[in-house]
2 protein chains.
Amino acid sequence: MTINSKHCRSNCPINFVLETFGDKWTLLIVRDLMFKGKSSYTEFLQSDERISTNILADRLKKLEDNGIVKKDVALDNRSKLIYALTDRGKELLPIMLEITAWSAKHDTATNAPASFLSEFTSSKHEMITNILENLR
Amino acid sequence: MTINSKHCRSNCPINFVLETFGDKWTLLIVRDLMFKGKSSYTEFLQSDERISTNILADRLKKLEDNGIVKKDVALDNRSKLIYALTDRGKELLPIMLEITAWSAKHDTATNAPASFLSEFTSSKHEMITNILENLR
DNA sequence: CTGTATCCTTAGGGATACTG
DNA sequence: CAGTATCCCTAAGGATACAG
C-alpha cells in the first residue's frame with residue numbers, strides 16, 4: 001500500500017511524511033497511543049493540547065486510511081472502540097524518540113524525564129526494543 | 001534560548017517540535033539546507049514542491065528566530081545572502097534520517113536511493129557523523 | 001461512548017506585481 | 001538577488017449542539 005497515492009507534491013521522502021504528519025495534531029495522536037497508553041476517543045480528547053472533536057475524528061480517519069492506526073471493538077465491552085498502532089505505526093518509534101531527544105535538549109520547559117537524554121544516547125537500540133515489547 | 005517561549009499548548013516534547021515544524025513547508029527548507037546543498041533564497045524557491053515567495057520569507061524568518069537557521073553575507077559576493085543551519089539545526093539530522101528511512105520503507109514512490117535503507121540500518125552512527133562532517 | 005453536523009473565524013497559502 | 005505588498009481564496013480549526 002502506498003500512502004497518499006492521490007496527490008503528492010513530490011517524491012521526496014521528507015515531503016512524504018509531511019503529507020501525512022505535516023499539521024499540528026496528527027502526531028499528538030500517535031504520541032498518545034505510543035507513550036501515554038491511550039486507546040479511546042475520549043482519552044484522546046482529554047490531552048493537554050485540547051483537540052476538538054471534529055478534528056480528532058478527521059485525523060483518526062486519515063490515520064486509519066494510511067494504515068498507521070487500526071480500530072477494533074473492545075473484547076470486554078462490545079460498545080467500546082479501541083484504537084491501536086499498526087506495525088507501520090509502531091515503526092514511527094525511532095522518529096518519535098529522536099524528536100523527544102531533540103526537544104529535551106533544546107527546550108528547557110519540556111517535560112521529558114531528565115534521565116531520558118543520557119539513557120537514549122547511551123542505549124538507543126535497547127530502549128527502542130524495550131518500548132516496542134510493551135506496545136501491544 | 002527557549003523556542004516558542006510565547007505560546008505553547010503544552011510542555012510535551014512532541015508538541016514542542018510541532019509548534020515549529022508542524023506545517024507543510026518548514027521541514028522542506030531544512031531538507032534543502034541539509035541534503036540538497038541549497039543556501040540561497042532563489043534556490044529554495046526552485047524546489048519541486050513550489051513554495052511561494054511570501055511563505056518562504058515567513059518560514060525563513062521563523063527558522064532564524066528559533067535559532068535553527070542563520071543568515072550571512074556571502075564572502076565572495078557582498079550582495080548575496082547565504083543561509084545555513086546552525087548547530088541546533090544540524091542536530092535535526094537524526095530525525096531527518098529516521099523520517100527518510102520510514103518513508104523509504106513505506107512509500108514505493110519515494111526517491112531515496114535504494115541503498116539508503118540497508119546502509120542506514122547497518123551503520124546509522126557512521127552515516128550521521130559522515131554527513132555532519134560535510135555540512136559546513 | 002463515539003462520533004456528526006453546523007456555524008463561524010482565522011490562518012495558511014497561491015498568484016502576481018513590485019522594489020532596493 | 002532577495003525579498004515586500006496585495007489580493008483573494010480555501011482549508012484548518014474552534015465551539016457547541018446533537019445523535020446512534
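Just so we're on the same page: letters track the sequence lines, and every chain starts at 1.
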Trainee: What's Lys71(B) touching, base or sugar-phosphate or nothing? Going by heavy atoms closer than 4.0 Å.
Mentor: sugar-phosphate
Trainee: Just the rounded figure in Å: distance from C1' of dA15(D) to CZ of Arg50(A).
Mentor: 12 Å
Trainee: Which part of the nucleic acid does Ile55(A) contact within heavy-atom distance under 4.0 Å: base, sugar-phosphate only, or nothing?
Mentor: base
Trainee: Do Ile82(B) and Phe35(B) sit in the same hydrophobic cluster, where Ile, Leu, Val, Met, Phe, Trp and Tyr count as joined when their side-chain heavy atoms come under 4.5 Å apart?
Mentor: no
Trainee: Name the nucleic acid region contacted by Arg78(A), choosing base, sugar-phosphate or nothing; use a 4.0 angstrom heavy-atom cut-off, strictly under.
Mentor: nothing
Trainee: Salt bridge (charged side-chain N to carboxylate O under 4.0 Å, His left out), that's the test. Do Asp23(B) and Arg59(B) meet it? Break it down for me.
Mentor: CA-CA 10 Å; Asp23(B) 76 291; Arg59(B) 296 308 136 86; 2.5 Å; yes
Trainee: Nearest-Å distance, NZ (Lys61(A)) to C1' (dG3(C))?
Mentor: 13 Å
Trainee: Tell me which one of Ile131(B), Leu85(B), Val30(B) satisfies side chain to side chain contact (heavy atoms under 4.5 Å, CB included) with Lys90(B).
Mentor: Leu85(B)
Trainee: How many Å lie between CG on Asp72(B) and P on dA2(D), as a whole number?
Mentor: 13 Å
Trainee: Kindly indicate whether a cation-pi arrangement holds for Arg50(A) with Trp25(A), taking the cut-offs as under 6.0 Å to the six-membered ring centre and within 45° of the axis.
Mentor: no
Trainee: Listed by chain and number, what are the side-chain contact (heavy atoms from CB on, under 4.5 Å) partners of Lys38(A), not counting sequence neighbours?
Mentor: Asp32(A), Lys36(A), Glu43(A), Phe44(A), Ser47(A)
Trainee: Could you state the atom-to-atom distance from CG of Leu63(A) to P of dG3(C) in whole Å?
Mentor: 13 Å
Trainee: With a cut-off of less than 4.0 Å, is there a side-chain N or O of Arg59(A) near OP1 or OP2 of dA12(D)?
Mentor: no
Trainee: Charged N to carboxylate O below 4.0 Å: is that the case for Glu91(A) and Lys105(B)?
Mentor: yes
Trainee: Closest approach to the side chain of Lys24(A), judged atom by atom: which nucleotide of dG13(C), dG3(D), dG13(D) is it?
Mentor: dG13(D)
Trainee: Side chain to side chain donor-acceptor pair (under 3.5 Å) for Asn130(A) and Glu126(A)? Distances and angles first, verdict last.
Mentor: CA-CA 6 Å; Asn130(A) 240 341; Glu126(A) 290 76 0; over 6 Å; no
Trainee: Give a yes or no on whether a donor-acceptor pair under 3.5 Å exists between the nucleobase atoms of dT2(C), that is its base, and the side chain of Ser79(A).
Mentor: no
Trainee: Ignoring hydrogens and angles, are the base of dG3(D) and the side chain of Asn54(B) linked by a donor-acceptor pair under 3.5 Å?
Mentor: no
Trainee: Distance from Arg31(B) atom CZ to Leu18(A) atom CG, nearest 0.5 Å?
Mentor: 8.5 Å
Trainee: Quick check on dG13(C): is either OP1 or OP2 less than 4.0 Å from any side-chain nitrogen or oxygen of Trp25(B)?
Mentor: yes
Trainee: With axes from five pairs an end, tell me the bend angle of the helix from dC1(C)-dG20(D) to dG20(C)-dC1(D), nearest 10°.
Mentor: 60°
Trainee: Rounded off to whole Å, could you give me the CG-to-C1' distance for the Asp23(B) and dA11(D) pair?
Mentor: 14 Å
Trainee: Between C1' on dA12(D) and CD on Glu19(A), what's the gap in Å once rounded to a whole number?
Mentor: 16 Å
Trainee: Can you list, by residue number, the residues of residues 37-47 of chain B that have a non-hydrogen atom closer than 4.0 angstrom to DNA chain D?
Mentor: Ser40(B), Tyr41(B), Thr42(B)
Trainee: Could you state the interatomic distance from OG1 (Thr26(A)) to CG (Leu60(A)), rounded to the nearest 0.5 Å?
Mentor: 9.5 Å
Trainee: Any N or O donor-acceptor pair under 3.5 Å from the base of dT16(C) to the side chain of Ser52(B)?
Mentor: no
Trainee: Which residue lies toward the 5' end of DNA chain C, Lys62(B) or Thr53(B), if each is placed at its nearest nucleotide?
Mentor: Lys62(B)
Trainee: May I have the distance from Ile29(A) (atom CD1) to dT2(C) (atom P), rounded to whole angstrom?
Mentor: 14 Å
Trainee: Less than 4.0 angstrom between a side-chain N/O of Tyr83(B) and OP1 or OP2 of dC1(D), yes or no?
Mentor: no
Trainee: To the nearest angstrom, how far is Leu56(B) atom CG from dA5(D) atom P?
Mentor: 16 Å
Trainee: Identify whether the distance between the nearest side-chain nitrogen and carboxylate oxygen of Glu19(A) and Lys62(A) falls below 4.0 Å.
Mentor: no
